Amino acid sequence: AAMLKAAVAIIASALLAACAQGATRATEILAKIDVGASGPCSVAFEAGAAWATAFRSNEVVRIDPATNAVTRRITTDAGPCGITAGAGALWVMTNAGNTVQRIDPASATVSATIPVGAGPYDVLFAFGSVWVTNYADGTIHRIDPATNRVVRRIRIVGAPAGLAATRSALWVGDASGKTIVRINPRTNRVVRRVATGGASPEWLASRGYFVWAANRLDNSVAKIDERKNRRVALIKRVGRQPVDGGIVAGSLWVPNQRSNTVVRIHLSRNRVVETVRVGTGPFVVPDHASELWVGSFGGRDIWRLRAG
């Protein structure tokens, strides 16, 4: 009997070890793509290609997903970082250029340059418009893609940062406070501030009725339900300096800029279920059906991973 118990214990231990190893191998590294430019920041997907901004090289590069090769380079205004796709175009905010630039993916050229506020911080296509936060002057600008013009200017108290959209609201992170801002896109008005339970909820991700805010200074992520206008969960100890996450393969993935990791958060269990080490200073995980494209903001490469 003693031998049987020992054998069972050994088998159970082996199974647990195998499960643990499987968990660490769940996400597979597909490629480390050297973009030949400094400070890869964010990636968007349009016209069968991945388009990545290079913050310190003032470029957008086109990557062929079939070969992981850079096939085009587009010069931008200074400090391109956030990039979004919508209305058949790519939209890039330039932090030092104080512009949003429209790129035609067919010709891989800048087709319009739109002056916005001071210190653009993030850009998002939602509710038929392009939205950009302006960190240095406390505004959000709404751009009509039909005219390439700013049609609304919304002022908030604080330092507007990341953007996300739920089913009926635009959400804005605030790098200087402990709340995020809800905007009604029909009226272009601030309708509420929601406490996140942490400091500097700078970057946001969303799906359906929910928005997640990375509390950058508290190493936590808050989950907010737009139907209740309040925080419904707080995921702690996600890593050092969590930043701009996205939804990939049915999970929330959040990069930790000082830990050089991305963490996978279960959407309903509200806990970290996987941690993956990536390149130097990961900044953004864009939404994607099955893959993570994570730029090494402190380097020159983009890590491409397949979520398990």
Side-chain angles (χ1 to χ4, degrees), residues 41-46 51 53 60 76-77 79-95 97-103 111-176 179-194 201-208 210-214 224 226 243-247 284 286-287:
C41 185
S42 185
V43 180
F45 307 96
E46 181 70 15
W51 305 79
T53 53
V60 170
T76 66
D77 289 346
C81 191
I83 182 169
T84 189
L90 295 152
W91 306 83
V92 181
M93 46 118 302
T94 65
N95 181 258
N98 297 329
T99 60
V100 168
Q101 294 191 287
R102 179 174 185 158
I103 292 174
S111 59
T113 296
I114 305 153
V116 289
Y121 215 66
D122 198 13
V123 64
L124 177 70
F125 189 91
F127 305 108
S129 297
V130 180
W131 306 79
V132 58
T133 50
N134 302 298
Y135 182 92
D137 66 14
T139 63
I140 298 99
H141 285 190
R142 182 174 192 169
I143 297 167
D144 182 351
T147 62
N148 296 324
R149 293 180 179 273
V150 173
V151 292
R152 292 290 187 274
R153 294 170 178 83
I154 306 164
R155 186 169 297 279
I156 71 166
V157 176
L163 289 161
T166 50
R167 294 193 179 183
S168 64
L170 181 78
W171 296 85
V172 183
D174 183 355
S176 66
T179 62
I180 63 173
V181 176
R182 178 174 183 162
I183 292 173
N184 184 333
R186 291 175 298 179
T187 63
N188 299 302
R189 293 183 180 275
V190 173
V191 293
R192 193 174 295 269
R193 280 183 173 268
V194 178
E202 197 164 334
W203 295 103
L204 309 177
S206 62
R207 184 177 189 180
F210 297 100
V211 59
W212 288 265
I224 289 118
E226 74 161 8
V243 280
D244 197 357
I247 305 296
V284 181
D287 291 349

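Numbering starts at 1 and runs along the sequence shown. For clarity, every value in this text was computed on a predicted model and none was experimentally measured.
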| said: For a 4.5 angstrom cut-off between non-hydrogen side-chain atoms, does T84 reach L163? | reply: no
| message | Are the side chains of P120 and N98 in contact, using a 4.5 Å heavy-atom criterion? | response |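 N98 vs P120: side chains touch.
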| query | So, does S42 use its side chain to make a donor-acceptor pair with the main chain of G82 at under 3.5 Å? | reply |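 Flag not set: sc S42 to bb G82 has no pair under 3.5 Å.
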| message | Donor-acceptor pair, distance only, cut-off 3.5 Å: does the side chain of D174 make one with the backbone of A159? | response |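 Confirmed, D174 side chain pairs with A159 backbone.
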| message | The criterion is ring pair (Phe, Tyr, Trp, His ring centres under 6.0 Å); which residues satisfy it with Y135, sequence neighbours excluded? | response |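 So Y135 forms a ring pair (Phe, Tyr, Trp, His ring centres under 6.0 Å) with Y121.
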| task | Not counting sequence neighbours, list each pair that qualifies as a salt bridge (Lys or Arg N to Asp or Glu O under 4.0 Å) and has a residue in residues 115-135. | result |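 Qualifying pairs: none.
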Would you please name every residue forming a side-chain hydrogen bond (donor to acceptor under 3.5 Å, both in side chains) with [X], sequence neighbours left out?
{"X": "W171", "value": "T166"}
{"X": "T113", "value": "Q101"}
{"X": "R207", "value": "none"}
{"X": "S206", "value": "none"}

| Can you tell which of V132, T139, I140 makes a side-chain contact (heavy atoms from CB on, under 4.5 Å) with V116? |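 Only match with V116 under side-chain contact (heavy atoms from CB on, under 4.5 Å): V132.
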Tell me the closest heavy-atom pair linking [X] and [Y], and the distance in Å.
{"X": "A165", "Y": "A126", "value": "CB-CB, 3.8 Å"}
{"X": "P80", "Y": "T53", "value": "O-CB, 3.8 Å"}
{"X": "A85", "Y": "E46", "value": "CB-OE1, 3.6 Å"}
{"X": "P201", "Y": "T179", "value": "CG-O, 3.4 Å"}
{"X": "P286", "Y": "V43", "value": "CB-O, 3.3 Å"}
{"X": "G117", "Y": "H141", "value": "N-CE1, 3.5 Å"}

Point-to-point distance, once rounded to the nearest 0.5 Å, from [atom1] of [X] to [atom2] of [Y]:
{"X": "W51", "Y": "I103", "atom1": "CH2", "atom2": "CD1", "result": "7.0 Å"}
{"X": "D144", "Y": "S129", "atom1": "CG", "atom2": "OG", "result": "6.0 Å"}
{"X": "C41", "Y": "N95", "atom1": "SG", "atom2": "CG", "result": "9.0 Å"}
{"X": "R189", "Y": "I183", "atom1": "CZ", "atom2": "CD1", "result": "12.0 Å"}
{"X": "L124", "Y": "M93", "atom1": "CG", "atom2": "CE", "result": "13.0 Å"}

| task | List for me each residue that meets salt bridge (charged side-chain N to carboxylate O under 4.0 Å, His left out) alongside R142, sequence neighbours excluded, and say none if there are none. | result |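 For R142, no residue satisfies salt bridge (charged side-chain N to carboxylate O under 4.0 Å, His left out) once neighbours in sequence are set aside.
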| field | With sequence neighbours excluded, residues passing salt bridge (charged side-chain N to carboxylate O under 4.0 Å, His left out) with D244 | value |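 Once residues adjacent in sequence are excluded, D244 has no partner under the salt bridge (charged side-chain N to carboxylate O under 4.0 Å, His left out) criterion.
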Please output the side-chain donor-acceptor pairs of residues 148-155 that fall under 3.5 Å, not counting sequence neighbours, one pair per line with the distance.
| residue | atom | partner | partner atom | Å |
| --- | --- | --- | --- | --- |
| N148 | OD1 | R102 | NH1 | 2.9 |
| R155 | NH1 | D137 | O | 2.8 |

| task | Could you label the plane-to-plane angle of the W131 and F127 rings as parallel, tilted or perpendicular, counting under 30° as parallel and over 60° as perpendicular? | result | perpendicular
| message | Going by the rule side-chain contact (heavy atoms from CB on, under 4.5 Å), which residues pair with V191 if we only count those two or more places apart in sequence or in a different chain? | response |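 Here the qualifying residues are R182, N184.
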| request: Go through the structure and list residues passing side-chain contact (heavy atoms from CB on, under 4.5 Å) with A136, not counting sequence neighbours. | output: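 Testing A136 for side-chain contact (heavy atoms from CB on, under 4.5 Å), a comparison that skips the adjacent residues, returns A118.
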